[in-house]
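Structure first, then comments.
None of these values were measured; they are calculated from a predicted model. Residues take their numbers from the sequence shown, with the count starting at 1. In each ligand, atom 1 is the first atom listed, and ligand 1 is the first ligand listed.
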Amino acid sequence: MSQVLVASNRGPVSFSLSDGGALTMRRGGGGLVSGLAGVTGTPQDGPDGEAGEASGRAADPDVLWVCAALGDADRTAARRAPEGRLDLAGHDTGGAAVRMLDIPASTFHRAYNEVANSTLWFVHHLLYDTPRRPHFDARARRDWQSYEAYNAAFADALARDAAPGAKAAIQDYHLSLAPRLLRERRPDLRIAHFSHTPWAPPEYFRLLPDDIGEQLLLGVLGADHAGFLTERWASAFLECCALLPGARVDREARTVACGGHVTRVGVHGLGVDGAALRERASEPDVVERARALSEQVGDRQLIVRIDRTELSKNIVRGLAAYRELLVNHPEWRGRVVHLAFAYPSRYDLPEYREYTAEVRRIADQIVEEFGTAAWQPLILQVNDDYPRSLAAYGLADVLLVNPIRDGMNLVAKEGPVLSRRGCALVLSREAGAAAELGEDALVVNPYDVTQTAEALHRALLMPRDERAARCGRLAAAATALPPQRWFAGQLAALD
Ligand SMILES: O=P(O)(O)OC[C@H]1O[C@H](O[C@H]2O[C@H](CO)[C@@H](O)[C@H](O)[C@H]2O)[C@H](O)[C@@H](O)[C@@H]1O
Ligand SMILES: O=c1ccn([C@@H]2O[C@H](COP(=O)(O)OP(=O)(O)O)[C@@H](O)[C@H]2O)c(=O)[nH]1
């Protein structure tokens, strides 16, 4: 196999630092890491293996994962490791060689928080309150320069580490410029770019300043292959390219020719490795959490949701729908519990901190309004506890996944795989996962709170055998495209 380089903002692990200077390592959160770690190997949380107590697996010399240090503790880990190579410092990275880039904190902050998460994420997920934002001024230009520098730092690292003819798989909106920058540095490489997010339709993409929009498209078009999670996001990208001066789009063949280079556009759905997930869910930390949760819930039906506290996940409307269920169908009072795990995300952004506060406020109101001495209608937990999430999947009667817009949403796929009660899935039509799971889910418009409440009602009433049959088919669809296949498809597209 030729050498493969993976590049993404978030790497397989991140660190925290004790007052005494000791590093503790955690598996990185979110779906991109779940997908890529399914390919390279999953690191274990827990005491750090810096002293050489790693998993014992040798790093695969043919796969190098280049990622960014996300905070001060990551920077410390990167500086302590030889040239940022975490695996060489004895950390259990799960099997891949990992180079963590120590990009200056101010550059990283502007690139990740201001451009990637406050601008590009908002554009691709249609999140702006347009009378007020976006607002592209001189400060936005300065942020953009940092985004360019951040992308250049990745391109430099990849260009330096790549063997002749190697394949580079560059991930996501943080690194939209990197394919082109890498091609300029190393024309011998074969380059893929993959978007884990939706792609904005042209009329929304045009909120971006023209030159920035152009640079983003030209950046991705530096790749030989541009991959997307669904047809819908791939088509939106092609439609944006069609407005790019000098680009020729062939919608049928799904190619874009621009500046003498042709980029092929492909669709690669990402699912779950069922066997690996079940094995992880059988470990003692998950079993222990399942026992505790099941004591809390008793013999009531359980509605579960698991998300980053992310604006696009639509947690507030989801809670409003649960409230409406209890108002419109009071027969469920005392007979159902809603477990909402909303683990922290992007706390450097005020919008995310405010959103989390709003989620907490609404949850408190629901408990206040309906709770009794004998019944707690809602349990909200705002911390990252992956094993607890796996435990909750196992106990769910209903899984609620109602994003405004989502590239895929792996939670919708993990739930049916681990469900032991045969869960019903209430699923937003705006999640990429709806393209694969729509037939057996109860599909909703995420803005329609009343419809979502009624779907929860139907899900709770669904006969056990129908629920189990649907759940079996959902699990089969969810495991049809495991990470290994998803990734192999992207690499094969480069041959
Ligand atoms: O790294 P963060 O800023 O903490 O965010 C976590 C990840 O969020 C996004 O995940 C997406 O990828 C999933 C897998 O393909 C997909 O199922 C989901 O719909 C997406 O939202 C983001 O795209 C990643 O880069 C982040 O790491
Ligand atoms: O406390 C938790 C709960 C869940 N997850 C995982 O985070 C991923 C979320 O991926 P998804 O595609 O649903 O959304 P994203 O957060 O990437 O937008 C899933 O694999 C979850 O199992 C996690 O890392 N920590």
Is [X] touching ligand 2 with its side chain, its backbone, both, or neither, if touching means heavy atoms under 4.0 Å apart?
| X | value |
| --- | --- |
| Arg388 | neither |
| Tyr386 | both |
| Asp385 | backbone |
| Glu310 | neither |

I'd like a table of the close N/O pairs between ligand 1 and the protein (anything under 3.5 Å), one pair per line with both atom names and the distance.
unit_1   : atom_1 : unit_2 : atom_2 : d
ligand 1 : 1 (O)  : Arg10  : NE     : 2.7
ligand 1 : 3 (O)  : Tyr112 : OH     : 2.5
ligand 1 : 3 (O)  : Arg346 : NE     : 2.9
ligand 1 : 3 (O)  : Arg346 : NH2    : 3.2
ligand 1 : 4 (O)  : Arg10  : NE     : 3.3
ligand 1 : 4 (O)  : Arg10  : NH2    : 2.8
ligand 1 : 5 (O)  : Arg346 : NH2    : 3.0
ligand 1 : 8 (O)  : Arg308 : NH2    : 3.2
ligand 1 : 15 (O) : His196 : ND1    : 2.7
ligand 1 : 17 (O) : Asn409 : N      : 3.0
ligand 1 : 19 (O) : Asp406 : OD1    : 2.6
ligand 1 : 19 (O) : Gly407 : N      : 3.2
ligand 1 : 19 (O) : Met408 : N      : 2.9
ligand 1 : 19 (O) : Asn409 : N      : 3.3
ligand 1 : 21 (O) : Asp406 : OD1    : 3.4
ligand 1 : 23 (O) : Asp172 : OD2    : 2.6
ligand 1 : 25 (O) : Asp172 : OD2    : 2.5

Yes or no: does Met408 have any heavy atom under 4.0 Å from an atom of ligand 2? no
Any nitrogen or oxygen of Leu410 lying under 3.5 Å from a nitrogen or oxygen in ligand 2? Just yes or no. yes
Are any of the N or O atoms of Arg308 closer than 3.5 Å to those of ligand 2? yes
Where the side chain of Arg485 meets the backbone of Ala480, is there a donor-acceptor pair that is under 3.5 Å apart? yes
So does Val316 get a backbone contact from the side chain of Tyr355, meaning a donor-acceptor N/O pair under 3.5 Å? yes
Which atom of [X] lies closest to which atom of [Y], heavy atoms considered:
| X | Y | result |
| --- | --- | --- |
| Val265 | Ala234 | CG1-CB, 3.9 Å |
| Ala68 | Phe108 | CB-CE1, 4.0 Å |
| Tyr352 | Thr309 | CD2-O, 3.4 Å |

Report the distance from atom CD of Gln215 to atom CG of Leu218, rounding to the nearest 0.5 Å. 8.0 Å
Phe228 ring center near Trp233 ring center (under 6.0 Å): no
Report yes if the distance between the aromatic ring centroids of Trp144 and Phe136 is under 6.0 Å, otherwise no. no
Mark up the atoms of ligand 2 that fall under 4.0 Å of a heavy atom belonging to Arg27, in ascending order. 24 (O)
Within ligand 2, which atoms have a heavy atom of Ile306 less than 4.0 Å away? 3 (C), 4 (C)
Glu351 bridged to Arg133 by N-O distance under 4.0 Å: yes
For His196, the ring-ring contact (aromatic ring centres under 6.0 Å, His included) test, sequence neighbours excluded, returns Phe194, Trp486
Just need the protein heavy atom nearest to atom 2 (C) of ligand 2, so name the residue and atom and give the distance. Asp384 OD1, 3.3 Å
Could you identify the single nearest non-hydrogen protein atom to atom 14 (O) of ligand 2 and state the distance to 0.1 Å? Lys313 NZ, 3.0 Å
